[in-house]
Each structure stands twice: as C-alpha cells, then as structure tokens.
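Below: one structure, written as structure tokens.
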Amino acid sequence: MNPLLKGKHIVLGISGGIAVYKAVELLRRLSDQEAQVAVIMTRNAQRFVAPLTFQALTPYGVYTDLFDAYRPGAMDHIQVAGWADLIVLAPATANSIAKAAHGLADDLLSTVLLACPAPKLFCPAMNVRMFENSILQANLQILRENKSHVLDPSSGLLACGQEGAGRLPETELIIEEILRLLSPQDLAGEEVLVTAGCTREGIDPVRFISNPSTGKMGFSLAQVARRRGAKVTLITGPTPLEPGPGISIIRVTSALEMEKEVLRLFPKATIVIKSAAVSDFRPKEYIPQKVKKKDATLQLTLVQNPDILRELGQKKKKQFLVGFAAETRDLLENASQKIKEKNLDMIVANPIGKPDAGFGWDTNQVLFLFPDGKTESLPVMPKEDIAGLIFDNILNRKKKKPGKL
Ligand code: C5P
C-alpha cells in the first residue's frame, strides 16, 4: 500500500465518454491503496456505467445530482469541495473541460470543481479531432494557467475507430500522476542521476558474466525522485523494467559502457545514487565468434572493471554521492570501509541471502551509513519506501552542510 494514497480524500469526477469503464479500474486501484474516494458522475457518465458499479467499490459515496445532499449522511457540493485533497476528472470530456475552463456550474461536478481549492487533474479522453480542435486546446490552456494539471491522452486506435491522441491513459499512468501531485516537491531543482540493474560482460556473442540484479531498487529511486520534483536520469543495465513517465533512461550493457555514460552525466548532477550491481570483472578478451564446445578450453582470464563509484568519489564537487553495498558478511565493517575509501556521502548496505531482501525482491532490508559514523538500520520494507527514506536523508544532510555540498 502506498503511504501517499492511504487516507487521502480523492474526488473522482467522471464525465460521459466511452472511457467511463476505465474509471472503474482506477477507483478499484485507488481503493486498494486505502485512498478514500468519493465519486461524482455526470448524467451522461451514468448512461455508460451504472452508479451501482462504483458504489460497490467505495464506501465514500457516489454522487450523481446537485441535490444528493438531501440524502441522510451525504455531503453537499461545498462540503465535498472542502473535503477533497485532490480532484481527478477521468475521463474528462470536451464538455466538462469547456465548462471548467469557463467557470460554468450547472451540475454537481462543475459546481464542485469551481468550489474546490485542492489540486485538480484533468484526464481528457475523446475523439482525436475533438482533442485536436483548437477550441478544446485553448480550454485546456486556460485550465493549466489556472493551476489545474492536464494529463495528455495516449495515442492509438480510439473507440470511434479513428487513430490518434484521445485515449484515456493507462490506469498506471493516471495513478503515477496522482502520486506526483500528492508528493512534496522537495527535490525540485535537483538533477538526480541513478544507476540500476546488473551489467553484462560478454565472453562471446552468446555468453556473458553477470549477476541477478533486476534494477528494481534503482527504478524505485528514479520514480520517487521524479515524483518529488527532480529532473531524473536513469542509467540501467539490461532489465525488462520500464521507467515511469518523465524519467530519461539510458540503457547500457557492460560496466565500461556504464562508466562512459555516468562520467558524461556526472558534472551536471547534484545527487548521484549508484545502486547498480556493476560486475567487478570482465573477460580479458571478447571472442567475436561463438566458441564451439569442442574448442573451449574451460579457462577464462578475467580483468578488473573500473570502480565507477570510486572514480566519482575522486571527481566529486557539488554532488551528493550515494553508494550501495551488498554483502554476504561483515556488513557494517565493509560498508564503513567503502564509505571512506570511495569518498561517499552515504552508503546503503544490504545483506545478501536473506528472504525478502536483495536481488529481485520488491522489498529490501538495509542499513544507512554516513561519513560521521551515524547508522540507521531499517526493517524489511518495500523498495519504494526505502527510496523515499534515502531522499529524506539526503535532503537532511544537504541542508546541514549547504556550503560543502
Ligand atoms: O565495492 P563494491 O562493488 O561492493 O561497491 C558497491 C558500490 O560500488 C555500488 O554502489 C556499485 O554501484 C558501485 N560499483 C561501481 N563500479 C564497480 C563496482 C561497483 O560503481 N565496478
């Protein structure tokens, strides 16, 4: 469950387009995360999906009429507007957008939008010609200028049979935007560089040396940083993971490629987190043709890869530099040694071989260590929560030493 959503008051406004059925899934996902969601449906929205479907998915009420307030226990439009931490309009039709842009208030949803001081997110969904119409675009611009947020629709085949922009974005993307809007923007102005995943060191075209790192920790760090307002670049080794929106991603294969990209981007970064499990060794020679079984000698000569983190520690100027240390034994001793040797500002150490922690899991169990010897040991928790705590610590430390970092 995401702590950003738990207990948050969200008004889900639903206006009448074919994408109304997708709002069912959105409500379900928000309720699963323990957000408290009140639904407002326009008259046309109710023609696509019955209010009963939404009622089954939230105990916080489905409102369909300005005069619902006369139902016992129901909120009136001013109460709903004051109760909301966030209003999400999904799908937002051309009509509901036009009304909101011009301050019309002729039904419950438009009235609540006008009366609500909370952030508003409009998720337009309609036919591509309607979406591209300059009047609709001008209305969206008015909303943006009045501090509302607009999530651009996805492109593809539309329900009307035409192709183009106008699809309601995937639920995942809407939720990510909600999380961004609910996050403190305390990393605004920071340029965060994160490395993630494993590296692959080629032996021949079909064989390589690698490790089981999936990149989940690094992807979580990138996601959380972006939500909190940072400009984020993620350099990752091979992984099937896809980054969330707004993250610039560079995919590499070997440690040498990762080194090149990290060194290129390091000077601009203000926070650098090296969560990648970089392979320490690579084969001395790469054999360009597949080695035949009968030709193999079964002996591989390895050479050391550059220690990228150590190089960064030497070059460091304004950057806050965070390393990871995965250890099978003497966790604290090894991590303390690394923080000094590599000139780091923080190290995140995690034991390998424990259940629920390390490679491939959604959770991890880590210990933070700082150059002044302070440590903080955390219980097993989701990697996303660990990412949040890493940035909390970075910001605290950066505040303490403004001149130095
Ligand atoms: O010394 P060790 O490899 O355990 O240190 C782990 C940390 O160093 C991680 O932050 C990892 O990304 C980084 N590292 C690196 N280059 C290497 C090996 C590790 O940057 N060749």
Side-chain angles (χ1 to χ4, degrees), residues 192-202 208-222 225 232-239 241 249-267 269 271-284 302-316 319-354 357-360 364-371 383 386-387 390-391 393-394:
V192 175
L193 178 61
V194 180
T195 68
C198 63
T199 63
R200 279 184 192 165
E201 312 300 326
F208 54 77
I209 297 172
S210 192
N211 61 64
S213 172
T214 53
K216 280 185 181 165
M217 189 66 237
F219 275 66
S220 296
L221 283 160
V232 185
T233 307
L234 176 64
I235 302 177
T236 180
T239 171
L241 297 180
I249 184 161
I250 297 172
R251 294 187 186 269
V252 296
T253 305
S254 66
L256 290 177
E257 282 169 30
M258 186 171 276
E259 182 196 30
K260 188 167 149 243
E261 291 302 324
V262 171
L263 292 180
R264 183 172 69 81
L265 293 165
F266 186 64
I271 297 172
V272 179
I273 310 182
K274 284 224 70 233
S275 71
V278 183
S279 175
D280 290 321
F281 310 100
R282 67 176 184 275
K284 186 161 183 237
L302 300 177
V303 292
Q304 278 211 352
N305 269 326
D307 188 326
I308 309 168
L309 190 55
R310 191 183 292 266
E311 286 182 70
L312 299 185
Q314 286 159 4
K315 290 185 195 301
K316 182 171 84 167
Q319 294 87 352
F320 193 101
L321 186 56
V322 183
F324 270 67
E327 302 289 349
T328 49
R329 60 182 171 184
D330 304 329
L331 186 67
L332 192 57
E333 292 75 5
N334 285 324
S336 319
Q337 205 174 331
K338 263 177 219 173
I339 204 166
K340 280 197 206 90
E341 278 176 15
K342 301 195 187 189
N343 190 24
L344 308 179
D345 298 298
M346 175 177 178
I347 203 156
V348 181
N350 68 294
I352 296 287
K354 284 197 174 183
F359 294 136
N364 206 353
Q365 200 239 310
V366 301
L367 174 91
F368 295 158
L369 187 78
F370 300 95
K383 287 184 171 170
I386 294 176
I390 291 174
F391 285 111
N393 274 280
I394 293 174

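In this text the structure is predicted, and so the values were computed from the model without any measurement. Whatever order the structure lists them in is the order used to number ligands and atoms, beginning at 1.
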Name the closest protein heavy atom to [atom], giving the residue it belongs to and the distance to 0.1 Å.
atom	result
atom 16 (N) of ligand 1	I308 N, 3.1 Å
atom 10 (O) of ligand 1	K274 O, 2.6 Å
atom 19 (C) of ligand 1	V278 CB, 4.0 Å
atom 6 (C) of ligand 1	F324 O, 2.9 Å
atom 4 (O) of ligand 1	K338 NZ, 2.4 Å

Go through it in stages, so that I can follow the logic: the residues are I235 and V252, the test is side-chain contact (heavy atoms from CB on, under 4.5 Å), and I'd like the CA-CA distance, side-chain angles, deciding distance and then a yes or no. CA-CA 7 Å; I235 302 177; V252 296; 4.2 Å; yes
Atom indices of ligand 1 within 4.0 angstrom of [X] heavy atoms, with elements:
X	result
L309	7 (C), 8 (O), 10 (O), 13 (C), 15 (C), 20 (O)
D280	3 (O), 18 (C), 21 (N)
G323	10 (O)
K342	1 (O), 2 (P), 5 (O), 8 (O)

Is there a heavy atom of [X] sitting under 4.0 angstrom from any atom of ligand 1?
X	result
T195	no
A277	no
A276	yes

For K315, check side-chain contact (heavy atoms from CB on, under 4.5 Å) against everything at least two apart and list the hits. L263, F266
Give a yes or no answer on whether the side chain of [X] reaches the backbone of [Y] with a donor-acceptor pair at less than 3.5 Å.
X	Y	answer
R251	T239	yes
T199	S279	yes
N350	V366	no

From CA spacing to verdict: side-chain contact (heavy atoms from CB on, under 4.5 Å), T195, F324: CA-CA 10 Å; T195 68; F324 270 67; over 6 Å; no
Quick check: are there more than 12 heavy atoms from other residues, nucleotides or ligands sitting under 6.0 Å from CD of Q304? no
Go through F219 and K383 one step at a time and tell me if the side-chain contact (heavy atoms from CB on, under 4.5 Å) criterion holds. CA-CA 9 Å; F219 275 66; K383 287 184 171 170; over 6 Å; no
By side chain to side chain donor-acceptor pair (under 3.5 Å), which residues pair with R264, not counting sequence neighbours? E261
Which bit of P306 gets closer than 4.0 Å to ligand 1, counting heavy atoms only: side chain, backbone, both or neither? backbone
